[in-house]
Amino acid sequence: MPTLDKGAERAILEACASLESWSVQKLDTLVRHASTLGKEQGALAEMESLYTEMGLKPFRVPTVPEKLANHPGFSPPLISYEGRDNVAAVHTPKSKKGRSLVLQGHVDVVPEGAADIWVTPPYEPSIRDGRMYGRGAGDMKAGIIAYCTAFEAFRRAGLAPAAEVQMHSVIEEECTGNGALATMLALPKTDAVIIPEPGPGIEGIYTAEVGVIWAWVTVTGRPAHVRDMQAGVNAIEAANAIAAKFKLYEAEMNRAERIHPAFFGVNHPVNVNFGTIEGGEWNSSVATRARIGMRVGVMVGYPVQQAKADIERLVAEASQDERLRGAKVSLEFKGFMADACVFDQDAEIVKLSRKNYADIAGTGLRDYPASGLTDGRFFTLYQDTPVAVFGPDAQDIHGIDENVGLDSMHRITRTIALTMAQWCGVEKL
Ligand SMILES: [Zn+2]
């Protein structure tokens with residue numbers, strides 16, 4: 001492993017310590033942007049001004065579906081990309097000595113859910129017992145701030161990475177990954193990638209992640225007045241019958257012999273989630289139409305296209321079920337069409353990150369085989385670039401009262417700073 005001048009190392013770590021309240025302030029600002037799907041503009045502009053403050057010249061990277069459509073990592077979009085361009089910034093050293101690096105984070109967050117049951121409003125960050133509460137605080141705005149603070153610490157120490165460092169702030173990690181894909185393809189390939197996605201209540205490093213498909217099933221029944229209920233086909237009941245078939249599929253896909261070794265010991269890694277349901281017209285009318293939006297997990301080693309074919313077969317079979325009595329069923333794929341992947345734990349960027357974290361925290365990063373996904377798959381599967389996905393301890397991500405440990409964020413900041421220094425080398429400003 002590369003050796004780093006001890007003086008430079010100390011100066012960078014001291015700068016990280018002096019930036020702790022700066023980083024909490026930046027996180028607070030970023031969490032205030034309710035950057036759900038289609039509303040990422042404020043958070044993207046915030047990243048633009050942060051990169052500028054860090055002495056960089058940010059630029060926009062559009063997501064153009066027509067250009068990505070034939071890429072195996074592309075997912076069918078849910079909405080237009082107009083006005084939601086990703087933000088990137090590139091540090092170019094005076095002389096290239098070390099290895100190049102991408103620091104990547106997604107600015108989009110999932111919807112806050114029932115805001116009335118949050119202890120404090122989801123987009124008004126609140127710090128309690130050393131943790132910041134807010135939608136996106138953990139997933140993954142703390143990670144974004146950690147890598148920005150790490151880079152800023154170099155500057156405050158009068159130093160800079162001695163290799164190209166790209167920073168990607170992308171959209172749609174939570175529904176397609178197309179923002180990450182577009183940004184990766186728009187910029188030169190680097191020697192490694194760090195993505196500070198959070199661990200579930202732990203400081204963890206992702207060893208593998210499942211694939212995910214989003215599917216939408218629409219059932220059109222036959223309307224009738226409830227007094228003639230037998231004459232109609234209730235679309236809501238029919239949709240429930242189809243949903244039950246997906247639960248059987250889920251159980252089948254979690255059978256021990258189907259589980260990849262990377263997920264041994266993980267309870268129920270392949271999940272089918274019914275996330276949205278809409279339908280019906282009136283409490284006293286047999287429902288004409290119902291639509292279920294679902295998320296289907298895919299095990300490592302099982303190609304996403306095969307899982308897609310499974311879903312098509314399941315829906316075709318379900319529509320022949322006699323309980324559906326001729327209801328029309330249609331299936332649509334919009335959102336994730338994402339393959340699973342394993343992150344190479346022998347990659348030097350991973351080993352270096354683990355070693356630096358252990359030196360800083362006095363304990364190792366925990367292995368985390370994830371039953372959700374990250375943008376890390378693009379670099380691993382389609383670019384063969386080693387990726388270290390590790391980040392702060394966050395709780396209740398995608399849930400109510402999402403929060404992140406601030407000391408944990410600071411430890412991850414120092415880990416990224418040291419790893420960047422050793423990976424890229426350092427030069428004087
Ligand atoms: Zn995330």
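Indexing begins at 1, ligand by ligand and atom by atom, following the structure's order. Start at 1 with the first residue, then count along the sequence.
Around the Zn ion (ligand 1), the protein atoms of type N, O or S that sit closer than 2.8 Å are His106 NE2, Asp139 OD1, Glu197 OE1, Glu197 OE2.
With hydrogens and angles disregarded, no donor-acceptor distance shorter than 3.5 Å links the side chain of Lys141 to the backbone of Lys26. Listed for the Arg135 side chain is a donor-acceptor partner under 3.5 Å among the backbone atoms of Val110.
Cation-pi contact between Arg295 and Trp214: absent, since separation from the ring centre below 6.0 Å together with deviation from the ring axis within 45° is not met. Remark: Lys57 is not positioned above the aromatic ring of Tyr51, lacking an NZ or CZ atom under 6.0 angstrom from the ring centre and at most 45 degrees off the axis.
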Subject >> Criterion side chain to side chain contact (heavy atoms under 4.5 Å, CB included) on Asn403 and Asp396, from CA distance to verdict >> reply: CA-CA 7 Å; Asn403 63 89; Asp396 295 312; 4.2 Å; yes
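In this structure, the side chain to side chain donor-acceptor pair (under 3.5 Å) partners of Asp139, at least two apart in sequence or on a different chain, are His106, His398.
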